[in-house]
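Some notes on the structure that comes next.
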Amino acid sequence: MTWAQGWLHIPIYASWMRPSPLLSFLSLCALCHSQSVAGKVLEKTIEEWMRYKEDCYRWMTSTPHPQGLYCNRTFDMYACWPDGTPGALTSVSCPYYLPWFQKVKHGQVSRRCGLDGNWVMINGTQPWRNSSQCDDEMEMTKEEVGTKDLLLSFRALYTVGYSVSLMALLSSLLILTMCRKLRCTRNYIHANLFFSFALRGISVIVKDVLLEKRWGMQIIEVSDWEILISNKAAIGCRTAQVVMQYCILANHYWFVVEAVYLYKLLIGAVFSEKNNYTLYLYLGWGTPVLFVVPWMTLKYLKENKECWALNDNMAYWWIIRIPILLASVINLVIFMRILKMILSKLRANQKGFADYKLRLAKATLTLIPLFGIHEVVFIFATDEQTSGILRYVKVFFNLFFSSFQVR
C-alpha cells in the first residue's frame with residue numbers, strides 16, 4: 001500500500017476557532033500531504049492543544065485576581081489570557097501547540113480590553129485578536145499545487161481501476177463456480193487468486209471510505225476533537241488497515257501457488273490433487289496470518305496511533321514487507337526455471353519449431369503477468385529509497401497494475 005493511496009482531502013470545520021491560523025494549517029496539511037501524515041499532525045496538535053488548555057485553567061485557578069476594574073482572564077480556545085487592563089492591549093506569547101511554533105516562538109498574539117472591563121468582540125460573538133505574529137506562511141507553491149493534482153489523479157486512477165476490476169473478477173468467479181465442466185484443481189486455484197484480487201480491491205475501497213468518514217467529520221464542539229483522536233473512533237479504520245494488509249499478502253501468496261502448481265505440472269511430479277489443494281489453501285490464505293498477526297500486535301502495543309498507516313519504526317513495517325519480497329523472489333526463481341525448461345524443450349525440437357524464439361517470447365509474456373513478475377521491477381525500490389520523479393513513476397505503475405489487475 002503506497003502513501004499515495006492514503007491521500008485524501010480532510011475538511012475540518014471549527015466554528016469556535018474561526019478565524020484561526022491553526023485551522024488554516026490543518027486544511028492546507030490535508031491538501032498538501034498524505035492523509036496519514038495530515039492525521040498524525042492533527043492528532044499531535046490536538047493533544048498539545050488539550051495540554052495547553054489544561055495548563056491555562058490550572059494557571060487561572062492558582063493566580064490571585066487584581067483589584068478594581070479589569071477584563072477577566074480567559075481561555076478563548078486559541079490562547080490563554082491574563083486579566084486585562086481596561087483600554088489597553090494585552091499580549092501573550094504564541095501558543096506552543098501550533099505545529100509551526102518554533103518559527104513564531106518569539107511572536108505575540110494580542111487582545112484589547114474595553115473601557116467597560118470586557119474584551120472587545122467582533123459582531124458581539126467572536127473575540128477580536130491580532131495573531132499575525134503567530135501565523136505561518138501557508139501559500140501553496142506551484143510545485144505543491146502540481147503535486148496535489150497529480151495525487152488526485154492517482155486516487156481517481158486506482159478507484160476506477162478497482163471498481164472495474166471488481167466487476168470483471170466477480171463475473172469470472174461466477175463462471176468458474178457455476179460451470180461444472182470447469183471444476184478442477186487448476187481452476188480452483190485461479191478462482192482463489194481472483195477472489196484474493198477482489199478482496200484486495202474491496203479492502204482498499206472500504207479503507208478509503210472509512211478514512212474519509214473519520215477525517216471528514218465536522219468539528220463543532222471541543223469534545224469533537226477528543227472523539228476524533230480517540231482510540232474508539234479509530235477502530236474502524238485500523239480494522240480496515242489490518243484486513244487490507246492481509247488481503248495484499250494473500251494476493252501475493254496465491255501468485256506463489258499459481259507458480260508452484262504450474263512448475264509441478266511441467267516437471268511431471270506425481271501428487272494427489274486433493275491433498276495438494278489443501279496445502280495450497282494453507283499457503284494462500286494461511287501464510288499471511290503468520291505475518292499480519294505479529295504486525296497487528298506490535299502496532300497495538302508500540303504504535304497505537306491514528307489508523308496504523310504510518311510507520312514510525314520501520315522495523316515493524318518489515319514484518320509485512322519481508323513476506324511480500326519473499327513471495328516475489330520465489331516467483332522469480334520459479335519463473336526463471338520454467339523459462340529454462342521451455343527453452344531447452346524448444347531447442348531440442350528446433351526442426352519441428354523453427355520459430356522457437358517467438359514461442360519462447362510468447363511463453364515469457366504469458367508467465368510475467370501470471371506470476372506477477374512485473375512487480376519485481378519496483379518491489380525493491382522502497383518508498384524510503386525513492387524520491388522525486390522516480391517515486392511518482394513507481395507509484396503510478398504500482399497503482400495501475402494493482403487496481404486494474406493487469407495480470
Side-chain angles (χ1 to χ4, degrees), residues 10-30 38-139 215 217-230 232-233:
I10 309 172
I12 301 172
Y13 306 94
S15 59
W16 47 269
M17 290 185 68
R18 283 194 198 96
S20 166
L22 175 60
L23 176 61
S24 302
F25 170 79
L26 293 174
S27 299
L28 180 64
C29 183
K40 183 177 181 180
V41 174
L42 175 62
E43 183 174 345
K44 183 178 180 181
T45 301
I46 296 173
E47 288 175 353
E48 288 295 299
W49 180 84
M50 295 287 187
R51 187 163 66 89
Y52 181 88
K53 181 185 71 171
E54 291 173 0
D55 291 344
C56 179
Y57 284 131
R58 191 179 301 112
W59 172 83
M60 286 192 294
T61 55
S62 61
T63 305
H65 292 271
Q67 299 295 323
L69 184 67
Y70 58 89
C71 291
N72 285 326
R73 61 193 67 178
T74 183
F75 175 61
D76 64 355
M77 303 298 174
Y78 180 73
C80 186
W81 300 96
D83 300 308
T85 303
L89 282 175
T90 300
S91 299
V92 296
S93 299
C94 296
Y96 61 71
Y97 64 80
L98 295 174
W100 54 85
F101 176 70
Q102 291 302 317
K103 297 180 182 179
V104 297
K105 59 184 178 181
H106 299 300
Q108 291 188 323
V109 55
S110 304
R111 287 188 67 177
R112 182 176 295 278
C113 180
L115 296 175
D116 58 352
N118 292 310
W119 295 105
V120 174
M121 307 291 286
I122 301 175
N123 299 326
T125 56
Q126 294 291 332
W128 176 91
R129 60 172 170 260
N130 180 6
S131 60
S132 58
Q133 294 183 26
C134 300
D135 293 352
D136 188 34
E137 181 58 47
M138 293 174 293
E139 291 296 326
W215 296 117
M217 67 177 292
Q218 187 173 3
I219 304 300
I220 299 175
E221 303 293 337
V222 178
S223 59
D224 292 337
W225 289 111
E226 298 172 338
I227 294 173
L228 181 63
I229 64 173
S230 67
K232 185 177 180 181

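Keep in mind that what you see is a predicted model, and the values were worked out from it rather than measured.
With rounding to the nearest 0.5 angstrom, the CD atom of Gln126 is 9.5 Å from the CG atom of Asp76. The distance from the CG atom of Asn118 to the CG atom of Leu69 is 8.5 Å, given to the nearest 0.5 Å. Distance check: Thr90 OG1 to Arg129 CZ gives 14.0 Å after rounding to the nearest 0.5 Å. Atom-to-atom distance recorded for Trp81:CH2 and Ser91:OG is 6.5 Å, nearest 0.5 angstrom. Of the inter-residue distances, the one linking Cys71 atom SG with Leu115 atom CG reads 9.0 Å to the nearest 0.5 angstrom. Note: Arg111 CZ to Met121 CE = 6.5 Å, rounded to the nearest 0.5 Å.
Pairing each heavy atom of Val120 with each of Gly114, the nearest pair is CG2-N, 4.1 Å. Between Cys56 and Thr74, the shortest heavy-atom contact is SG-O, 4.4 Å. What you find for Val104 and Asp135 is that their closest heavy atoms are CG1-O, 3.8 Å. The nearest pair of heavy atoms linking Cys94 to Phe101 is O-CE1, 3.2 Å. Here the closest heavy-atom approach between residue Val109 and residue Ser93 is recorded as CG1-O, 4.1 Å. Contact record, Cys134 with Pro95: SG-CD, 4.5 Å, taken as the closest heavy-atom pair.
Between Cys80 and Val92 the shortest side-chain heavy-atom distance does not fall below 4.5 Å. Met77 places a side-chain heavy atom less than 4.5 Å from the side chain of Trp49.
Using modelled atom types, no side-chain atom of Asp55 and backbone atom of Arg58 make a donor-acceptor pair closer than 3.5 Å. Checking side-chain atoms of Asn130 against main-chain N and O of Ser132 turns up a donor-acceptor pair under 3.5 Å. Formation of a donor-acceptor pair under 3.5 Å by the Trp119 side chain with backbone atoms of Arg73 is not found in this model. No donor-acceptor pair closer than 3.5 Å links the side chain of Tyr52 to the backbone N or O of Tyr78.
Screening residues 89-100 for salt bridge (Lys or Arg N to Asp or Glu O under 4.0 Å), with sequence neighbours left out, gives no hits.
Salt bridge present: Arg51 and Glu48 bring a charged side-chain N and a carboxylate O closer than 4.0 Å.
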